[in-house]
Amino acid sequence: MHTQKKISKTPYYNGDGKLRPLPKVKRNGTSVVPMMYVQDNLDKENFQLRETLNNMMHGVVMFDSKGRIVVCNNRYIEMYELSEELVKPGCTLLNLMKHRKATGYFAGDVRKYCKQIFDTIKRGQASSHHITTTDGRTINIVHNPLASGGWVVTHEDVTWQKQAEAQIVHMAHHDILTDLPNRALFATQLKQALRWVTREEQLAVLFVDLDNFKSINDTLGHPIGDELLKIVADRLRCCIRETDIVARLGGDEFVVVQTKVEQPSDVAVLATRIREAIMAPYDILEHQIIIDTSIGIALSPNDGTDSEQLIRNADMALYGAKASGRGTYRFFEPGMDEKMSARRVLEIDLRKAIVNGEFEVCYQPLVNLERDEISCCEALLRWDHPERGPIAPATFIPVAEESGLIARIGEWVIRTACMDAASWPDEVTLAVNVSPAQFRNQNLVQVVINALSASGLPARRLEIEITEAILMEQTETTLVTLNQLHALGVRIAMDDFGTGYSSLSYLQKFSFDKIKIDSSFINGLSDCEESTAVVRAVAGLAESFHMVTTAEGVETKEQLEIVRALGCTEMQGFLFSAGCSAADIMKMLHQVGKRLAS
Ligand code: C2E
Ligand code: MG
Ligand code: MG
């Protein structure tokens with residue numbers, strides 16, 4: 001420190017690497033530094049300056065007041081691939097810019113540009129601007145005037161920063177997983193699109209929600225769920241036209257805006273195309289996945305002219321699509337609002353019902369048509385609402401499924417029914433309905449095991465009724481659960497057969513113990529040849545697979561005789577008995593009256 005302070009006031013020489021005051025000699029009574037040392041020192045300073053300039057990341061050029069290069073570093077030459085012969089001290093700005101234009105690194109008017117620079121420098125003003133080179137780099141150029149009348153220009157390659165900035169802006173507006181526009185960008189895009197809506201053309205907002213996506217995440221894991229979402233995004237992109245919009249609002253919610261809609265049927269066509277695209281099988285990490293989708297549609301201007309209202313109404317229509325059994329599309333209708341709030345009220349009441357114990361299980365007997373004896377009783381849930389009175393399962397089960405409450409309710413049904421059935425005669429089995437939502441819940445097998453062990457009911461006396469919807473959703477994991485239940489000794493019945501999609505194909509996927517033919521076919525037996533053909537075919541098929549065939553909803557003797565003649569081996573229906581309380585079924589089972597024929 002001490003030495004530095006001392007030499008900072010005097011010229012110094014550091015030729016040997018050490019800082020020390022320059023040697024001085026006495027001349028005419030004053031001490032001066034000899035010229036040889038001064039020259040030597042200047043050379044060294046020039047050298048250091050050049051080294052510094054040439055090692056800078058920026059391109060630097062210094063001009064004198066006449067616009068001639070005083071100094072210019074290598075970086076500048078490299079940046080624009082300039083000729084070292086031409087670009088050197090003395091070269092004028094005009095010639096330099098002409099050269100840059102010739103090498104393709106300047107696109108503007110050379111004279112105009114030079115004049116602009118001179119004018120700014122004359123005013124003593126600093127200036128900066130960006131240029132994009134032909135090879136796609138972004139250069140930030142800053143002109144700084146000097147006291148001498150000249151100026152210094154720095155050229156900084158900011159390509160990387162610009163790319164990073166652009167990336168940040170992109171990320172703020174796009175969903176990272178699918179790279180689709182996010183909610184924020186979508187809102188802006190929709191507003192813009194709405195401005196273009198004309199008298200002749202409408203605009204449609206389609207809310208697309210994957211059915212039961214959560215269960216894929218839960219059962220197969222998030223990486224597979226993520227992969228699925230990416231593929232869904234790609235498929236959606238392929239469904240739309242250039243002027244349309246597709247965005248991801250979060251989770252498994254996507255939105256499509258269809259522009260230039262002439263009539264609602266245009267939207268129906270797109271909705272169908274979207275559903276078909278999403279329903280095509282996915283092959284992800286050796287998992288075959290099939291997923292359906294529900295779509296809610298709102299049209300502008302009819303269902304709203306501003307983006308908020310359209311989004312709200314499309315969402316409401318989506319809710320309607322989900323409520324009507326998923327896997328479908330629905331257009332917004334004015335009454336949907338009230339329906340939705342009624343559903344919400346029902347959901348609140350269902351929660352209360354669980355706590356207050358408002359549920360009861362009743363049992364409907366099924367009769368074996370070979371022995372004419374009760375072979376099984378189906379547990380049917382009953383809800384006696386404190387104000388509204390009895391509410392049908394068809395009304396509240398879908399709400400319970402959608403809200404997830406079915407898991408708790410269903411578990412209660414299985415436990416209660418197993419307890420009741422444990423005291424029935426040994427040859428009578430118990431059938432319990434299990435909804436898709438319960439199947440998605442990983443612990444169904446455990447719930448069954450617990451119910452069986454708590455009640456002491458042998459597994460062979462329990463029958464689980466499932467619908468085709470369960471097999472539709474997730475064949476792979478569903479089959480695992482079904483096989484686990486089978487392994488316990490539990491029997492599996494396919495309920496409401498014929499109301500689903502490609503019914504027969506499901507029969508090959510799993511060896512069901514029973515097929516219950518939906519009551520709609522039984523209803524049609526007397527006057528519909530098709531129904532008769534279906535019942536006969538199913539009964540024949542079931543026989544060859546050693547399955548029981550149950551005719552559901554048998555109400556008349558005529559129907560009974562027909563189903564018997566067609567080969568059904570079991571019947572269920574009001575003709576024999578409707579659902580009864582646990583106490584009544586107990587009485588029925590223990591009296592001789594359990595026989596059908598009378
Ligand atoms: P399901 O499993 O097909 O049950 C048979 C339905 O048909 C019952 O209606 C029963 O009362 C009715 N039924 C029986 N015989 C006749 C007849 O001769 N004529 C007519 N018209 N109907 C007859 P319910 O009790 O209203 O149940 C409706 C549906 O609700 C059930 O259809 C089942 O899918 C569901 N469900 C009922 N209880 C439960 C439950 O505990 N859990 C689940 N997940 N679903 C349940
Ligand atoms: Mg059933
Ligand atoms: Mg049924």
Side-chain angles (χ1 to χ4, degrees), residues 325 350 353-354 358-367 374 376-384 390-421 429-441 444 447-448 451 462-470 491-500 503 512-525 538 548-560 562-563 568 570-582 584-585 596:
L350 265 179
I354 297 173
E358 291 165 16
F359 294 114
E360 203 189 318
V361 183
C362 82
Y363 301 92
Q364 186 181 26
L366 279 73
V367 179
I374 296 175
C376 174
C377 292
E378 178 174 3
L380 295 167
L381 187 57
R382 294 290 172 258
W383 178 19
D384 196 9
I391 298 182
T395 309
F396 70 84
I397 296 261
V399 180
E401 285 183 344
E402 217 161 287
S403 56
L405 291 171
I406 194 71
R408 281 171 69 190
I409 300 173
E411 186 174 347
W412 177 83
V413 171
I414 295 178
R415 261 192 294 121
T416 311
C418 286
M419 282 292 185
D420 288 340
T429 58
L430 161 74
V432 178
N433 293 286
V434 170
S435 75
Q438 283 169 276
F439 241 84
R440 269 176 252 136
N441 203 323
L444 178 65
V447 166
V448 167
L462 176 63
E463 202 166 275
I464 296 288
E465 290 191 7
I466 67 163
T467 55
E468 286 161 89
I470 291 177
R491 292 152 57 85
I492 309 289
M494 172 163 293
D495 202 357
D496 303 342
F497 185 79
T499 53
S503 311
F512 287 92
D513 299 283
K514 183 186 280 187
I515 305 179
K516 299 182 75 176
I517 305 171
D518 192 70
S519 56
S520 54
F521 294 98
I522 311 303
N523 257 330
L525 281 179
V538 174
V548 175
T549 350
T550 311
E552 290 191 273
V554 176
E555 294 183 354
T556 66
K557 280 199 167 163
E558 188 198 354
Q559 286 168 347
L560 174 64
I562 301 176
V563 296
C568 292
E570 200 174 56
M571 70 75 82
Q572 174 179 10
F574 294 167
L575 176 68
F576 181 71
S577 169
C580 315
S581 69
D584 286 349
I585 203 81
L596 171 66

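For reference, positions follow the sequence shown, starting with 1. Any value given below was found using the heavy atoms of this structure, including those in side chains, with hydrogens, waters and symmetry copies removed. Atoms within each ligand, like the ligands themselves, are counted from 1 in listed order.
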Q. So, E465 and the Mg ion (ligand 3): N/O/S under 2.8 Å, yes or no?
A. no
**Q.** Approximate separation, where rounding is to 0.5 Å, of I464 CD1 and D495 CG
**A.** 11.5 Å
Q: Side-chain contact test, heavy atoms from C-beta onward, threshold under 4.5 Å: evaluate it for E465 versus N433 and give yes or no.
A: yes
Q: Take the angle between the ring planes of F396 and W383 and call it parallel below 30°, perpendicular above 60°, tilted in between.
A: perpendicular
Q. Which bit of Q364 is near ligand 1, meaning a heavy atom under 4.0 Å away: side chain, backbone, both or neither?
A. side chain
Q: Give the atoms of ligand 1, by number and element, whose distance to some non-hydrogen atom of L380 is under 4.0 Å.
A: 4 (O), 8 (C), 10 (C), 11 (O), 25 (O), 37 (C), 38 (N)
Q) Can you find a pair of side-chain heavy atoms, one from E558 and one from L525, that are under 4.5 Å apart? A) no
Q.
Can you give me the closest heavy-atom contact between D518 and S520, atom names plus distance?
A. OD2-OG, 2.8 Å
Q) Does ligand 1 have any atom that is closer than 4.0 Å to a heavy atom of R382? A) yes
(Q) Any side-chain to backbone donor/acceptor pair from E555 onto G573? Under 3.5 Å, distance only. (A) no
Q | Heavy-atom pair with the smallest gap, counting every atom of L381 and P393 | A | O-CG, 3.5 Å
Q) Just heavy atoms, cut-off under 4.0 Å: does L381 contact ligand 1 by side chain, backbone, both, or neither? A) both
Q) Within 4.0 Å of atom 9 (O) of ligand 1 (strictly less), any protein heavy atom? A) no
Q) When you measure from atom 34 (O) of ligand 1 to every protein heavy atom, which one gives the shortest distance, and what is it? A) N433 OD1, 4.4 Å
**Q.** ligand 1 contact on V413 by region, counting heavy-atom pairs under 4.0 Å
**A.** side chain
(Q) Please list, in number order, the atoms of ligand 1 under 4.0 Å from a heavy atom of E552. (A) 3 (O)
Q. So, is F574 polar-close to ligand 1, with some N/O to N/O distance under 3.5 Å?
A. yes
Q) Name of the D496 N, O or S atom nearest the Mg ion (ligand 3)? A) OD1
Q) For atom 46 (C) of ligand 1, which protein heavy atom lies nearest, and how many Å away is it? A) I397 CD1, 3.6 Å
**Q.** Side-chain heavy atoms of F576 within contact of I374, under 4.5 Å
**A.** yes
**Q.** N, O or S atom within E552 nearest to the Mg ion (ligand 3), by name
**A.** OE2
Q: Starting at CG of L350, measure out to CD1 of I391 and round the result to the nearest 0.5 Å.
A: 7.5 Å
Q: State whether the shortest distance between N or O atoms of Q572 and N or O atoms of ligand 1 falls below 3.5 angstrom.
A: no
Q: Go through the steps to decide whether V548 and R491 satisfy the test side chain to side chain contact (heavy atoms under 4.5 Å, CB included), and finish with yes or no.
A: CA-CA 11 Å; V548 175; R491 292 152 57 85; 4.3 Å; yes
Q. Which atoms of ligand 1 sit under 4.0 Å from any heavy atom of E555?
A. 17 (C), 18 (O), 19 (N), 20 (C), 21 (N)
Q. Heavy atoms of the protein only: does one fall short of 4.0 Å from atom 25 (O) of ligand 1?
A. yes
Q. What are the two closest heavy atoms between A431 and C376, and how far apart are they?
A. CB-SG, 3.7 Å
Q.
Between E378 and K516, does any NZ, NE, NH1 or NH2 come within less than 4.0 Å of an OD or OE carboxylate oxygen?
A. yes
Q.
Please name the atom of E378, limited to N, O or S, that comes nearest to the Mg ion (ligand 2).
A. OE2
Q. Backbone, side chain, both or neither: what part of I409 comes under 4.0 angstrom of ligand 1, heavy atoms only?
A. neither
Q) What atoms of ligand 1 come within less than 4.0 Å of a heavy atom belonging to D495? A) 1 (P), 2 (O), 3 (O)
(Q) Does ligand 1 come near enough to L575 that some N or O of the ligand is less than 3.5 Å from an N or O of the residue? (A) no
**Q.** Straight-line distance of D420 CG to Y363 OH, nearest 0.5 Å
**A.** 3.5 Å
Q: Indicate the atoms forming the closest heavy-atom contact of E401 with S435, along with that distance.
A: OE2-CB, 2.6 Å
**Q.** Ligand-residue contact atoms, ligand 1 with P393, heavy atoms, under 4.0 Å
**A.** 24 (P), 25 (O), 26 (O), 27 (O), 30 (O), 37 (C)
Q.
I'd like to know if E378 contacts ligand 1, where contact means a heavy-atom distance under 4.0 Å to any ligand atom.
A. yes
Q: Just give me the atom name: the N, O or S atom of D495 closest to the Mg ion (ligand 2).
A: OD2
